[in-house]
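Before any comments, here is the structure.
Protein chains get the first letters and strands the later ones, always in sequence-line order, with residue 1 at the start of each.
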Amino acid sequence: MADAAARPRNPDRRRALLSALLLLPVCALLLVFFLAPLIQLVNLSTFAQQPSAQNLKPPHSLANYLNILSDPFYLQITANALLVGFWTTIATLVISYPVAYYITKISGWERTLISVACLLPLFVNVIVSILGWYILLLPYGVIQQILSSLGLVTGSLQWLRTMPALVGVLTYEHIPFAVLILVSSLQAIPQDKINAARLLGAGIPRIFFTLILPLTMPGLVASAILVFSLSASSYLVPILIGAQRIKVLPLSIFSYGTELQNWPLAAALSIVLLILVVAITYLFARTMNRITRRGEWEMV
Amino acid sequence: MRAGNESILRFENISKIFQGQVVLNNLSLEMRQGEFLTLLGPSGCGKTTSLNLVAGLLQPDSGTVFLRGQVANALPPRKRGLGLVFQSWALFPHLNAFDNIAYGLKIRGATETEIRTRVMAMLDLVRLPGVEQKFPSQLSGGMQQRVALARALVTRPDLLLLDEPLSNLDASLRKEMQIELRRIHSELSVSTLLVTHSQEEALIMSDRIAVMRRGRIECIDTPSVVYNRPPNEFVCSFVGDANIFRCEVEQVSGREAMLKWGAIRFVIAEPSGLAGGQMLTVAIRPENVILHRAGTADTHDGLVKDAIFKGSHFDYVISVGDDQLHVIALPPVDGVPFAQGEQICFSLPKSRVIPLAEDRADG
């Protein structure tokens, strides 16, 4: 104690130390549950064959990656996964933006109702909600029955195993995230700025394109990154809605990993998906930031 | 007065109610071309609501807004041809100073060269050359304010609205901008409607001041009349400091009346409509009370209760019987300031005593 009292105090250093201590748990968590498995995955992906009891450490090689890059099948399923992510992102943003805008314009019970309705999919178990869609989309399912009774369609509807159905359900799953982000982004725009534009002679379309859209671009970019990375690597929705009819990369990763017991190839496919998603989102964010000159200005 | 005779803005019996609260109560107001008119009042008096009605951001519940002699109630803000500087300045954060100012010109389809010339001229007018490429977040408060002013003026509006534009600035910058706004108003002779709660701002900048309270205009006149002859106690105490006290009218004789306040008697000029025996509230500004070392027939005795040195002058608190007077004075001619505890004499110049009307009980 006497020693501590005699030492010159340095509040800045103590504060820095405290911050570091507070970060420690999350760092430890990430290290054990994220970084270590990732390193293991990379390691695994370079094994030439499945490790076995006889051969715990097979020789390293890039054979798996060469295999993936030279096989049109893998390229096709990779492209499918990215395409699913792309269309889901577009659909989610197009639907969420007006909803988020509407939420910022209302108040009271109406706002509560719409906010809850938007967030509800988050509270429902994914499998349950997907099965709900399954029943709706089934040939001779609910949607078909309604359309048939109106005389709009004859014969069985083959919607279930199609790309639009897959993108539709993924969109439904991701709307809550996008709405949440976009509402806060739209709410951050002071009404004064919109009024200023009105006074300067701007009509609604101009206000939207010159003011609201650029000012919410960070929120749009964040939503897009989130929705894209989640939907491009989604497994549950493709397996239940698309089944094996629409082959996307995550389905193959799962079957190589479990059914075919080829962990190195499954690991290599995972790494390919990871790198592609990270690279695409990074380039997207960078491009958008350059276009909107983000980082140079701040909200005032 | 720089104002012409044409009306740029007229309110006719405007009322506005928010959630059962009467914000504007049958308000009528006229502003002339080229005039600098200030709406002055405490918060909640309806001044900002009035400004928003002019801008078209709000609609009146009843009554008519005329702009340039035309009924403007249903005119959307973008068609009103006004310039508005917001309290927050409301600059577009993602556009640099040049594009902020050019915003209104682009909407009007001005050519590139015209936009450049006019934006540069505006930046010169507000004395901010060289900041075109800066984003608002890179500018100081005073500079943002100037950009906002330039943006509002570049489209050459014939009515400029200022919504407490100086309240986010520090004191010295505010003084500077008051002078700047005066200069710009006289250079462009653009009709200007200022909303403020600062009496100092109103006095410095306005051609006329409308003092508002509870959705009504209490008085509208030139700064000197509002200050020197306020009609009632509210206006008198809101604009400047004043000693306000209730007296009894002892007798009225011709153009003078004798009033009795506690033990002292004094005379006021122009006592129109007064009768002996009635009670009257009067006011005198602190700088109009005259202090003397030696008494005469017209002076009254007092005691210096406190003397505060303020640099250019002294603030005195003078005890008069049970009452107190606040007095602002230069040191007396002999150069020795009155000291705390000193017995002195004071006089109330008769033309400086302001008779005040009773406050309206309603509203």
ask   = Given a strict heavy-atom distance threshold of 4.5 Å, which part of A/Leu215 is in contact with chain B: side chain, backbone, both, or neither?
value = side chain

More than 12 heavy atoms from other groups under 6.0 Å of OH on A/Tyr235 = yes

query = Could you state the interatomic distance from CG (A/Leu199) to OG1 (B/Thr155), rounded to the nearest 0.5 Å?
reply = 9.5 Å

note = So CG of B/Asn96 and CH2 of A/Trp297: to nearest 0.5 Å the spacing works out to 13.0 Å

task = Using atom types as modelled and distance alone, determine if a side-chain donor or acceptor of B/His94 lies under 3.5 Å from a backbone N or O of A/Thr210.
result = yes

ask   = Is the count of non-hydrogen atoms from other residues, nucleotides or ligands lying under 6.0 Å from B/Gln70 atom CD greater than 12?
value = no

task = Over all heavy atoms of both residues, which pair between B/Phe92 and A/Lys193 is shortest? Give the atoms and the distance, please.
result = CE2-O, 3.3 Å

message = Can you tell me if A/Glu298 has over 12 outside heavy atoms packed within less than 6.0 Å of its CD?
response = no

note = Correct closest heavy-atom pair for B/Arg78 and A/Ala202 would be CD-O, 3.4 Å

inquiry  = Within the supplied structure, the quantity of interest is the number of heavy atoms (other residues, nucleotides, ligands) at a distance under 6.0 Å from A/Leu30 CG; does it exceed 12?
reply    = yes

ask   = Side chain, backbone, both or neither: which part of A/Arg206 has a heavy atom under 4.5 Å from chain B?
value = both

query = Would you say A/Tyr101 has more than 12 foreign heavy atoms packed within less than 6.0 Å of its OH?
reply = no

Between B/Leu91, B/Leu161, B/Leu95, B/Asp163, the one whose heavy-atom pairs under 4.5 Å with chain A are most numerous = B/Leu91

remark   = d(A/Arg198 CZ, B/Leu84 CG) to nearest 0.5 Å is 11.0 Å

task = Calculate, to the nearest 0.5 Å, the distance between atoms CD and CD belonging to B/Gln133 and A/Glu296 respectively.
result = 10.0 Å

message = With a sphere of 6.0 Å drawn around OH of A/Tyr282, does it hold more than 12 non-hydrogen atoms of other residues, nucleotides or ligands?
response = no

task = Name the region of B/Gln144, side chain, backbone, both or neither, that has any atom closer than 4.5 Å to a heavy atom of chain A.
result = side chain

ask   = Which residues from residues 103-131 of chain B are near chain A, with near meaning under 4.5 Å between non-hydrogen atoms?
value = B/Tyr103, B/Gly104, B/Lys106, B/Ile107, B/Arg108

message = Can you confirm whether B/Phe135 sits close enough to A/Arg293 that some side-chain heavy atom of one is under 4.5 Å from a side-chain heavy atom of the other?
response = yes

Point-to-point distance, once rounded to the nearest 0.5 Å, from CG of B/Leu57 to CD1 of A/Ile194 = 11.5 Å

request  = Look at atom NZ of B/Lys134 and say whether more than 12 heavy atoms of other residues, nucleotides or ligands are closer to it than 6.0 Å.
outcome  = no

